[in-house]
2 protein chains.
Amino acid sequence: MAEGGVGPGSGESLLFLTDEQLRKGIEAMFFAYRGFTADPDRILERYEYGRAHHRAMHFIHRSPGTTVNNLLSILGVTKQSLNRVLRTLIDDGLVESRVGPRDKRERHLYLTPKGDALERELSEAQRGRMRAAYRAAGPQAVAGFRQVLEAMMEPEMRRQYQTLKDGGA
Amino acid sequence: MAEGGVGPGSGESLLFLTDEQLRKGIEAMFFAYRGFTADPDRILERYEYGRAHHRAMHFIHRSPGTTVNNLLSILGVTKQSLNRVLRTLIDDGLVESRVGPRDKRERHLYLTPKGDALERELSEAQRGRMRAAYRAAGPQAVAGFRQVLEAMMEPEMRRQYQTLKDGGA
DNA sequence: GATTTTATGTCAGCCTTGTTGACTTTCCAA
DNA sequence: TTGGAAAGTCAACAAGGCTGACATAAAATC
């Protein structure tokens with residue numbers, strides 16, 4: 001298409017870069033992020049966990065065996081903060097921490113079957129909303145969505161993100 | 001269109017709805033939101049304010065004269081929580097609270113020149129990143145970005161969002 | 001082998017921002 | 001006049017960030 005009406009094609013009035021349009025984008029991020037977290041939040045409440053636990057489980061699921069340090073840099077929090085969350089997850093039997101086979105200082109993190117079950121429940125809820133949004137918007141919109149989000153990330157986080165991206169599709 | 005180049009081809013294979021793709025979308029939201037808030041956060045730190053203050057100022061700027069109750073429903077927090085934030089903003093002379101002219105129970109909120117200056121500083125930083133992302137991704141991607149975000153919102157928030165959207169244009 | 005660095009964990013304390021509950025004041029409207 | 005909505009306030013609490021200090025084990029380096 002090339003000129004569907006907007007395309008990066010030709011005249012390209014740059015109207016999409018006005019402050020008004022940018023402000024709308026900002027609000028869209030704000031409201032959408034609320035929706036994005038709403039479903040997992042409701043589930044977490046039942047288990048007496050918070051978003052921090054969800055994030056930890058998500059990234060342990062994504063990279064089983066990841067070390068504490070890895071997780072720290074991905075999540076961007078302090079080790080004290082992460083430790084509090086990790087401790088409860090380990091104590092509750094959702095996460096297993098194994099001493100590193102080569103470097104015994106490291107702890108490698110894994111979801112237990114129980115942890116995997118909760119992660120799946122949370123992820124399914126979140127993917128449900130995502131799927132509905134994707135379906136409503138269509139594949140082309142989704143591609144644009146991903147492009148803009150990626151461009152919005154801090155370079156370091158973009159690298160983290162792309163690591164998964166490459167792995168996956 | 002239909003085949004801009006995004007799509008997994010033509011028959012619309014629905015490949016964009018796989019769990020892998022959805023998981024990537026979820027991570028994209030997570031990492032992008034971090035970038036989205038990073039610049040204002042740095043500024044806020046200097047003024048000893050937090051994100052909550054930014055949000056309040058943003059929506060007061062967007063709808064000058066809005067009432068406390070309006071703001072509550074937009075922000076989705078309790079009045080006690082909002083009140084704490086609002087109080088510091090009022091005490092610091094960034095926000096003015098005027099008794100409602102018709103209904104004197106209501107308080108109508110306005111940014112003072114000082115508040116407007118800070119709001120502008122924060123907004124400019126945030127728009128800067130947004131602009132860069134928009135420019136990098138192009139107008140078509142931006143349209144898709146907005147479509148997906150909108151579909152992701154809770155219906156009530158979508159209405160709030162569209163109120164502004166229509167106003168602007 | 002001694003020293004330094006790295007990875008992790010933990011204690012203590014602080015801050016922001018969210019929550020509930022209780023209560024008051026103001027004031028519109030039935 | 002009275003009920004109830006809107007707003008504000010106080011108190012207490014929790015989650016989840018933060019810093020700083022310190023302990024331990026193991027790896028790496030000198």
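Worth knowing before you read on, the calculation uses all heavy atoms, side chains too, and leaves out hydrogens, waters and symmetry mates. By convention in this document, chain letters (A, B, ...) are assigned in the order of the sequence lines, proteins followed by strands, and residues within each chain are numbered from 1.
- Contact of A:Q80 with D:dG20 (side chain to base): a donor-acceptor pair of N or O atoms is detected under 3.5 Å.
- Between A:F30 and B:F59, the ring-plane angle classifies as tilted under the 30° and 60° cut-offs.
- Taking atom CG on B:L82 and atom P on D:dT9, their separation rounds to 12 Å, with Å as the unit.
- Side-chain N/O atoms of B:N69 include one lying less than 4.0 angstrom from OP1 or OP2 on D:dA7.
- A salt bridge between A:E124 and A:R131 is absent, with no side-chain N of the basic residue lying under 4.0 Å from a carboxylate O of the acidic one.
- Crowding of B:Q80 atom CD: a count of heavy atoms from other residues, nucleotides or ligands under 6.0 Å exceeding 12.
- If you take CG of A:L86 and P of C:dT10, they are 10 Å apart, rounded to a whole angstrom.
- Following rounding to the nearest Å, A:H108 (NE2) and C:dA7 (C1') show an atom-to-atom distance of 11 Å.
- In terms of phosphate contacts, A:T78 brings a side-chain nitrogen or oxygen within less than 4.0 Å of OP1 or OP2 of D:dC18.
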**Request:** Check the pair B:H53, B:L89 against side-chain contact (heavy atoms from CB on, under 4.5 Å), reporting the backbone distance first and the verdict last.
**Result:** CA-CA 7 Å; B:H53 301 85; B:L89 291 175; 4.0 Å; yes
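- One can place CG of B:N70 at 14 Å from C1' of D:dA7, the figure rounded to the nearest angstrom.
- Both A:R105 and A:R87 lie close to DNA chain C; mapped to their nearest nucleotides by heavy-atom distance, the more 5′-ward contact belongs to A:R105.
- Distance check, rounded to the nearest 0.5 Å: OG1 of B:T37 to CG of B:L122 gives 12.0 Å.
- Atom CG in A:L72 sits roughly 7 Å away from atom P in C:dT8 (whole-Å rounding).
- Both B:I26 and A:L111 sit in one connected hydrophobic cluster of ILVMFWY residues. Membership requires side-chain heavy atoms under 4.5 Å apart, directly or through other members.
- If you check residues 31-52 of chain A against DNA chain D, the residues with a heavy atom closer than 4.0 Å are A:G50, A:R51, A:A52, listed by number.
- Less than 4.0 Å separates DNA chain D from at least one heavy atom of each of the following residues of residues 93-103 of chain A: A:R102, A:D103.
- Separating the CD1 atom of A:I90 from the C1' atom of C:dT8 is a distance of 11 Å, rounded to the nearest angstrom.
- With hydrogens and angles left out, the side chain of A:R107 and the base of C:dT8 share no donor-acceptor pair within 3.5 Å.
- Between A:E106 and B:K79, the residue anchored nearer the 5' end of DNA chain C, judged by the nucleotide with its closest heavy atom, is A:E106.
- One interatomic measurement links the two molecules: NZ of A:K104 to C1' of D:dT24, which rounds to 15 Å at whole-angstrom precision.
- At a cut-off of 3.5 Å, with distance as the only test, a side-chain donor of B:Y49 or B:D92 sits close to an acceptor on the other residue.
- Using a 30° and 60° split on the angle between ring planes, A:Y134 and B:F16 fall in the parallel class, below 30°.
- In terms of position on DNA chain D, the residue among A:V85 and B:T67 whose nearest nucleotide sits closer to the 5' end is B:T67.
- As a whole-Å value, the separation of A:R84 CZ from C:dG9 P is 15 Å.
- One hydrophobic cluster holds both A:V95 and A:I43 under the rule that ILVMFWY side chains link at heavy-atom gaps under 4.5 Å.
- At the phosphate of C:dT16, neither OP1 nor OP2 sits under 4.0 Å from any side-chain N or O atom of B:H53.
- A donor and an acceptor atom, one from each side chain of B:Q160 and A:E27, are nowhere located under 3.5 Å apart.
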